[in-house]
Novice: 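I am attaching a structure below and will ask some questions about it afterwards.
Both backbone and side-chain heavy atoms feed into the values below; hydrogens, waters and symmetry mates do not. First the proteins, then the strands, lettered A, B, ... as listed; each starts at 1.
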Amino acid sequence: MTLIVWDVEKNVVRKARREDLYEAIYMITQLIPLGRVTSYKNISEILGVNPRLIGQALKNNDKPIIIPCHRVIASNGYLKNYSRGGIVVKKKLLVLEGVIVKGEKVSRKYFIDLKKILS
DNA sequence: ATTTGCTCAGCTC
DNA sequence: GAGCTGAGCAAAT
């Protein structure tokens, strides 16, 4: 479960550096459309890494404005955490975008499969 | 709805 | 190098 990349400068295959991996995660996160959500797992499957790594990356995000990390939730539909304001803020943002959140859970129908977008 | 076991990158020492 | 910690997941209860 490790992201392998082609190093253009050194002309070799190697393990992705942390910054490379995080950068990839941020880019993919930006593909989630307004009013939709996806799971940590969905992103992790695209990159072939551990789902927990996605959470690590989003938590440590250095571009809080342009990265809609509130649209990334647990695969069971629950909101999980949000480093900037917690679940309360995460829920508010989603509701603002038209997602119906019952308690702390989002219906399946709002999930989008990013692998299909990338196909 | 809650508990339990699994997992692995990153961090600390 | 060993041990701990999760913005997780899935199955069982």
Novice: Are the side chains of A:V72 and A:T29 in contact, using a 4.5 Å heavy-atom criterion?
Specialist: yes
Novice: Rounded to whole Å, how long is the line connecting atom CG of A:N60 with atom P of B:dG10?
Specialist: 11 Å
Novice: Could you state the atom-to-atom distance from CG of A:L21 to P of B:dA9 in whole Å?
Specialist: 10 Å
Novice: Just how far, in rounded Å, is C1' of B:dG10 from NZ of A:K15?
Specialist: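 So the two atoms are 11 Å apart, to the nearest Å.
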Novice: Measure the shortest side-chain to side-chain distance between A:T38 and A:R71 over non-hydrogen atoms and say whether it is less than 4.5 angstrom.
Specialist: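 Contact flag for A:T38/A:R71 side chains = no.
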Novice: With pairs defined as Watson-Crick or G-U wobble and both distances under 3.5 angstrom, please note down DNA chain B as a dot-bracket string, | for pairing with another strand.
Specialist: ||||||.||||||
Novice: State whether the number of non-hydrogen atoms from other residues, nucleotides or ligands found under 6.0 Å of A:E104 atom CD is greater than 12.
Specialist: no
Novice: Just to be sure I understand the geometry, which residues of residues 100-111 of chain A put a non-hydrogen atom under 4.0 Å away from DNA chain C?
Specialist: none
Novice: Atom CD of A:E45 and atom C1' of C:dC9: how far apart are they, to the nearest Å?
Specialist: 11 Å
Novice: To the nearest angstrom, how far is A:L53 atom CG from C:dT5 atom P?
Specialist: 19 Å
Novice: Cation-pi check for A:Y110 against A:R108: NZ or CZ below 6.0 Å from the six-membered ring centre and within 45 degrees of the axis, yes or no?
Specialist: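 A:R108 over A:Y110 ring: no.
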Novice: Rounded to the nearest angstrom, tell me the gap between atom NZ in A:K41 and atom P in B:dC8.
Specialist: 14 Å
Novice: Can you check whether A:Y40 reaches A:S75 side chain to side chain, under 4.5 Å on heavy atoms?
Specialist: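 SC-SC contact between A:Y40 and A:S75 ruled out.
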Novice: Please list, by residue number, the residues of residues 73-89 of chain A whose heavy atoms come closer than 4.0 Å to an atom of DNA chain C; answer none if no residue qualifies.
Specialist: A:A74, A:S75, A:K80, A:N81, A:Y82, A:S83
Novice: Can you tell me how far C1' of C:dG6 sits from CD of A:Q56, to the nearest Å?
Specialist: 6 Å
Novice: State which of B:dC8, C:dC9, C:dA7 makes the closest approach to the side chain of A:C69.
Specialist: C:dA7
Novice: Counting any heavy atom closer than 4.0 Å, what does A:K59 reach on the DNA or RNA strands: base, sugar-phosphate only, or nothing?
Specialist: base
Novice: Taking 4.0 Å as the cut-off, does a side-chain nitrogen or oxygen of A:R18 come that near to OP1 or OP2 on B:dC11?
Specialist: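 For A:R18, the contact criterion (side-chain N or O under 4.0 Å from OP1 or OP2 of B:dC11) is met.
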Novice: In the structure I gave you, are the side-chain heavy atoms of A:S107 and A:I100 within less than 4.5 Å of one another anywhere?
Specialist: no
Novice: Quick check: are there more than 12 heavy atoms from other residues, nucleotides or ligands sitting under 6.0 Å from NZ of A:K63?
Specialist: yes
Novice: List the steps, then state whether side-chain contact (heavy atoms from CB on, under 4.5 Å) holds for A:D7 with A:V13.
Specialist: CA-CA 6 Å; A:D7 189 321; A:V13 174; over 6 Å; no
Novice: Kindly indicate whether the side chain of A:I28, heavy atoms from C-beta on, has any atom under 4.5 Å from the side chain of A:I46.
Specialist: yes
Novice: Would you call A:R14-A:D20 a salt bridge at under 4.0 Å N-O?
Specialist: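 Yes.
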Novice: If you check the A:Y40 side chain, which of C:dA10, C:dG8, B:dG10 turns out closest?
Specialist: C:dG8
Novice: Any heavy-atom pair between the side chains of A:L3 and A:K15 that's under 4.5 Å?
Specialist: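 The answer is no; the side chains never approach within 4.5 Å.
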Novice: Check this for me, if you would: do A:E97 and A:K92 make a salt bridge, where the nitrogen-to-carboxylate-oxygen distance has to be below 4.0 angstrom?
Specialist: no
Novice: What integer distance in Å separates A:E19:CD from B:dG10:P?
Specialist: 10 Å
